[in-house]
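Below is one structure, written out as C-alpha cells; the observations come after it.
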Amino acid sequence: MHELSITQSLIGAVIERVGDRQVTGVNLCIGRLSGVLPDAVRFCFEVVSEGTCLAGAALNIDEPKGSGRCRDCGTEFALEDAILLCPCGSADVFVTGGRELTVTSVEVI
C-alpha cells in the first residue's frame with residue numbers, strides 16, 4: 001500500500017508550503033494509469049492529516065482517463081487500463097495521459 005507514503009509526502013509538501021495556515025481543501029489529480037488508488041489516498045488522507053493543519057480539509061480528486069497514441073498506425077485512443085494495446089492490434093503504444101499524480105490546488109483560510 002504505497003498510497004500511505006504518497007499521502008504522507010503530499011501532506012508534508014502542503015504543510016511546507018502553507019505553514020500553520022488552516023487548510024480547508026486539497027485538490028488532486030490522480031490519473032487512472034498512475035497505479036495509485038484514489039480511495040486508498042482518501043482513507044490515508046483522513047488518518048495522516050489528523051493533528052495537522054489539514055485535519056478536516058476536503059479532499060477532491062480528479063481522475064482523468066488514460067489515453068495513448070499508436071506508434072504504428074498513429075491512432076489516438078482512450079486507455080481503460082494499463083494494457084497498452086491499440087485497436088489495430090499493435091502493442092507499440094505511447095501513453096499520452098492518465099499517469100498524472102499532482103496537487104492542483106490547496107485552499108487555505
Side-chain angles (χ1 to χ4, degrees):
M1 184 167 169
H2 63 283
E3 284 82 0
L4 177 59
S5 61
I6 290 170
T7 306
Q8 288 171 324
S9 295
L10 159 82
I11 289 174
V14 171
I15 290 172
E16 187 176 306
R17 286 295 197 119
V18 302
D20 292 335
R21 295 166 53 187
Q22 183 64 43
V23 176
T24 58
V26 176
N27 298 303
L28 302 179
C29 180
I30 300 176
R32 293 186 183 176
L33 301 179
S34 67
V36 176
L37 300 175
D39 285 342
V41 171
R42 287 183 184 95
F43 174 78
C44 292
F45 183 84
E46 192 172 317
V47 172
V48 176
S49 67
E50 276 300 314
T52 73
C53 62
L54 283 83
L59 178 63
N60 303 304
I61 301 176
D62 182 30
E63 302 175 48
K65 293 180 179 178
S67 58
R69 183 175 355 104
C70 179
R71 288 186 177 109
D72 287 336
C73 72
T75 300
E76 294 190 18
F77 56 98
L79 290 168
E80 298 299 324
D81 53 40
I83 298 173
L84 306 178
L85 189 61
C86 177
C88 77
S90 173
D92 191 6
V93 175
F94 176 71
V95 176
T96 58
R99 288 185 170 167
E100 303 89 344
L101 178 54
T102 58
V103 177
T104 54
S105 64
V106 176
E107 300 160 17
V108 296
I109 296 178

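Since we're looking at a predicted model, the values are computed, not measured.
At distances below 3.5 Å, not a single donor-acceptor pair connects side-chain atoms of Arg32 with backbone N or O atoms of Glu80. Of the possible polar contacts, one joining the Ser67 side chain to the Gly97 backbone as a donor-acceptor pair under 3.5 Å is found.
Across all non-hydrogen atoms, the minimal contact from Cys73 to Cys70 is N-SG, 3.3 Å. Shown here for Pro64 and Glu100, the closest heavy-atom pair between the two residues is CG-OE1, 3.7 Å.
Atoms CZ and OG1, from Arg69 and Thr75 in turn, are 11.0 Å apart once rounded to the nearest 0.5 Å. The CG atom of Asp39 sits 7.0 Å away from the CD atom of Glu63 when rounded to the nearest 0.5 Å.
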Distance-only check: which donor-acceptor pairs under 3.5 Å involve side-chain atoms of residues 81-91, not counting sequence neighbours?
| residue | atom | partner | partner atom | Å |
| --- | --- | --- | --- | --- |
| Asp81 | OD1 | Ile83 | N | 2.9 |
| Ser90 | OG | Asp72 | OD2 | 2.5 |
| Ser90 | OG | Asp92 | N | 3.0 |

Under 3.5 Å, which donor-acceptor pairs link side chains of residues 7-17 to any protein atom two or more places apart or in another chain?
| residue | atom | partner | partner atom | Å |
| --- | --- | --- | --- | --- |
| Thr7 | OG1 | Glu3 | O | 2.7 |
| Ser9 | OG | Ser5 | O | 3.1 |

Solution key, residues 49-62 side-chain donor-acceptor pairs under 3.5 Å, sequence neighbours excluded:
| residue | atom | partner | partner atom | Å |
| --- | --- | --- | --- | --- |
| Ser49 | OG | Phe45 | O | 2.7 |
| Thr52 | OG1 | Ser49 | O | 2.6 |
| Thr52 | OG1 | Leu54 | N | 3.1 |
| Asn60 | ND2 | Asn27 | OD1 | 2.9 |

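Cluster annotation: Leu37 is not connected to Ile6 through the hydrophobic network of ILVMFWY side chains, with a link wherever side-chain heavy atoms come within less than 4.5 Å. Note: the hydrophobic cluster containing Phe94 does not contain Leu33 (ILVMFWY, side chain heavy atoms under 4.5 Å, direct or indirect links). By the rule that hydrophobic residues join a cluster once side-chain heavy atoms approach within less than 4.5 Å of another member, Ile30 and Val95 end up as members of separate clusters.
Contact annotation: the side chain of Val36 approaches that of His2 to within less than 4.5 Å [non-hydrogen atoms, C-beta and beyond].
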